[in-house]
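A short worksheet on the structure shown next.
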Amino acid sequence: MPETQDPHVNPNASASAAVKFVYDFTEGNRDLKDLLGGKGANLAEMTNLGLPVPPGFTITTEACKVYLESGAEPAALRAEVSEHLDALERQMGKKLGQADDPLLVSVRSGAKFSMPGMMDTVLNIGLSDASVSGLATQAGDERFAWDSYRRLIQMFGKTVLGVDGELFEEALEDAKRAKGVVVDVDLDAADLQGLVGHFKDIVAKETGRDFPQDPREQMDLAVRAVFDSWNTDRAKLYRRQERIPGDLGTAVNVCSMVFGNLGPDSGTGVAFTRDPASGHQGVYGDYLQNAQGEDVVAGIRNTVPLADLEQIDKASYDQLMQIMETLETHYKDLCDIEFTIERGKLWMLQTRVGKRTAGAAFRIATQLVDQGLIDEAEALQRVTGGQLAQLMFPRFDLDAKSKTIGRGIAASPGAAVGKAVFDSYTAVKWSRSGEKVILIRRETNPDDLNGMIAAEGILTSRGGKTSHAAVVARGMGKTCVCGAEELEVDTKSRRMTTSDGTVVEEGDVVSIDGSTGKVYAGEVPVVPSPVVEYFEGNVDATAADADDLVKSVHRLMSYADSQRRLAVRTNADNAEDAARARRFGAQGIGLCRTEHMFLGERRELVERLILADTDADRDAALDQLRPLQKADFIELFEAMDGLPVTVRLLDPPLHEFLPDITDLSVRVALAEARHEKHENDLRLLQAVHKLHEQNPMLGLRGVRLGLVIPGLFAMQVRAIAEAAAERSKAGGDPRAEIMIPLVGTVQELEIVREESEKVIAEVAAAAGVQLDLALGTMIELPRAALTAGQIAESADFFSFGTNDLTQTVWGFSRDDVEASFFTAYLEKGIFGVSPFETIDKDGVGSLVRSAAAAGRATRPDLKLGVCGEHGGDPESVHFFHEVGLDYVSCSPFRIPVARLEAGRAAAESQGSDSR
Ligand code: PEP
Ligand code: MG
């Protein structure tokens, strides 16, 4: 049911209709994620499925939004919370913080999209000086009660009151030292009672107020802290990374506490219905006996595999397996689960559709089709182009003789090589200066996020597959090995020692394999991925013994191809790239940048062209260039025989072909000082000065060059036409399209078109063949987009040059901006991703949309494509599909990604059309 139909809430309701801010777990469902957050919606769904969920309620994201916008909770919230708390207390038969038998609750964040570890949670709310002994009596365990109380003050002090967490850690260490013990569990009830006193003193000293004893005040302050945690720096950074909108807000779940730390018959764990690393079916997860909630995810103590729970508590294990099956069939997808066992009773604390590696995503999608749980169109929505791109990364050469120095858990696949760094700050600093780094930590926490983003891969010595490092790395698609226990990581001395005594210092190169969990000293060579081998045509995906990942990729690619409406072409300017692109599925060349053909040895000929004083000199230079160009085009037409090849005439400013002005000036000055001959350099220098422009990207380039250098474009057109004629005569099927860059007005295009048509006719007559060459233009200037209706009168096709269009629409220099103020813009959230990477739909995109419509209004058969970098970007491909372009063009390695995304876009829009 769409959210807007929900009878409980209607953001557009008239002022008299009260908005509902609190939902009992029995009232929600999984479709209400916008309102209840992922955690709340799924707790409600599990409650409705009859699964054992501790009772509780959810405060909506709407309440959070009001708070974030106005700085105060909505007026109605307090009374609504009271109502739900009363109901909860009635159901549990005890009151929050009741002295002789306290109801305790957890207050947990839960946004629409999972943001693991980014926001706050406070457990054990309701404990106070008055109720701690009541808890001890009820649990029959004094130590447990004092430990729970000290955990509350510690968590509350840090997250709600903003006390430096280190102060509590130090006090805990002091207590252990004073007693001469190493681990927390060796502190007894009296020690913990003493620690509670100490923690309360810390709170009073640091905040100027006592730790609140009123349970309701504790709860209200914790709710507010969770709201506030939406806007911490680390949460903002994570959202930008994951492209999660900043205005969604978080819901808050208030849930009655169950305890996994009540002895050996209690515990807490995380489970997956399938392996999130490989996608294979089986029992996957971690279990930690006698532990409370966050201990597993934090990776602080080492867990046992979930399968071991069968021995520890068979009844709970069997029930869990049953629930996992129910959940997977219900959600029709991999689910991950957090659970607690309290004295032999199983409780479900969370479930959600689980994150998974790229390989697992492809395998699971096809497995679910085979199981009849989903159809192929749905399977296509379960994978992304970003995941496919990850699968195309190279892997380590396993035959290479490399020294294995450790082995951990294969938490997130990939092959990463880099210099060892032991803290986030260094990871960021070194990566900014171009170094590849591996971030090595004992365990990571949300403060390490920056370093994890900067690193090639992450290695930890502690924690399981569900530790913070593993979960976050998988989400980012970063290589991660965790829990490599035999490696002793010493972050203070910035070194790691292996079990055989080898020391890895900061700056030493290490290689980590996130698919096997192996850690190597030095740089391990890499080999291509099997998925690339498949795209190359070296692997038969239909063979019985084919790799199951390759089979899954093949099935989903075939389905995407059968669905997609967008054709996918490549940007290529040599036969080798063209041939590879064709193997990868390219349906032609969408952009051949001819300037690349003018470099190398040919630069001298271009120099001659630029320096030519007379028509004869210029013609001589052009005559020398033409056969070379013709040979280039013949190769391209051959590689793409039968498919369109769009050749763009020369685009960049001429000074790019000349030596650097400073180098040349020095050369001339030195030659003069030494009285050496320097006539040629002097002429070059004069030419460079003449051509020098303050803003070359807005200067003499593109069609403007063709209009001011007589014969230049004609030479290129002749070379294209002659190459096409020659291929035709040889029995080939060349489909050349000539593209004019940087057009701003139809008059420019008309002049070039007239001249080109004449040349083509001459070549056709001379060769005695018919030449049907399309002539079109790039739309890469705002004026071209705004006058697209006129430009279409003279164009057979448009290709949107979204690189230049982004540059000129925003007024951002595409060459400088990424290194100058973009970081500040990204940090300020002005955009979540560079507009040079993903199309700016509202600005640049809107010009593309209107120009496409205007062009087609003039000429209904106008062919429309895009050849800027955005042509291979997943999100942009969806946009180009929606706008109705005929094709996207991208670099050869992005072709499979564009094919998949074009298929996904088509399947998605068919789904929404038929809905
Ligand atoms: C463009 O501007 O989008 C384009 C494809 O051309 P270039 O990147 O060569 O300027
Ligand atoms: Mg351009």
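Start at 1 and go down the list; that is how both ligands and their atoms are numbered. Positions are given from 1 along the sequence. FYI, side chains are in, hydrogens and waters are out, and symmetry mates aren't considered; it's all heavy atoms of this structure.
Salt-bridge annotation for Asp796 and Arg859: present, with a side-chain N of the basic residue lying under 4.0 Å from a carboxylate O of the acidic one. Using a 4.0 Å cut-off between a side-chain N of Lys or Arg and a carboxylate O of Asp or Glu, Asp641 and Arg582 do not qualify as a salt bridge. One finds no salt bridge joining Arg580 and Asp577 here, because no Lys/Arg side-chain nitrogen approaches an Asp/Glu carboxylate oxygen to under 4.0 Å. We find that Asp617 and Arg608 are not joined by a salt bridge, their nearest charged nitrogen and carboxylate oxygen being 4.0 Å or further apart.
Aromatic rings from Phe893 and Phe584 are positioned such that their centres are separated by under 6.0 Å.
Taking the Mg ion (ligand 2) as the apex, the angle formed with OD2 of Asp804 and OE1 of Glu780 is 90°, to the nearest 10 degrees.
Geometrically, Arg569 engages Tyr887 in a cation-pi contact defined by less than 6.0 Å to the ring centre and at most 45° from the axis.
The Mg ion (ligand 2) has no N, O or S atom of Asp651 inside 2.8 Å of it.
Within 4.0 Å of ligand 1, protein heavy atoms come from Leu591, Arg593, Arg648, Asp651, Arg701, Met778, Glu780, Gly801, Thr802, Asn803, Asp804, Arg814, Cys867, Gly868.
Contact of the Glu737 side chain with the Lys863 side chain is registered, since non-hydrogen atoms from C-beta on lie closer than 4.5 Å.
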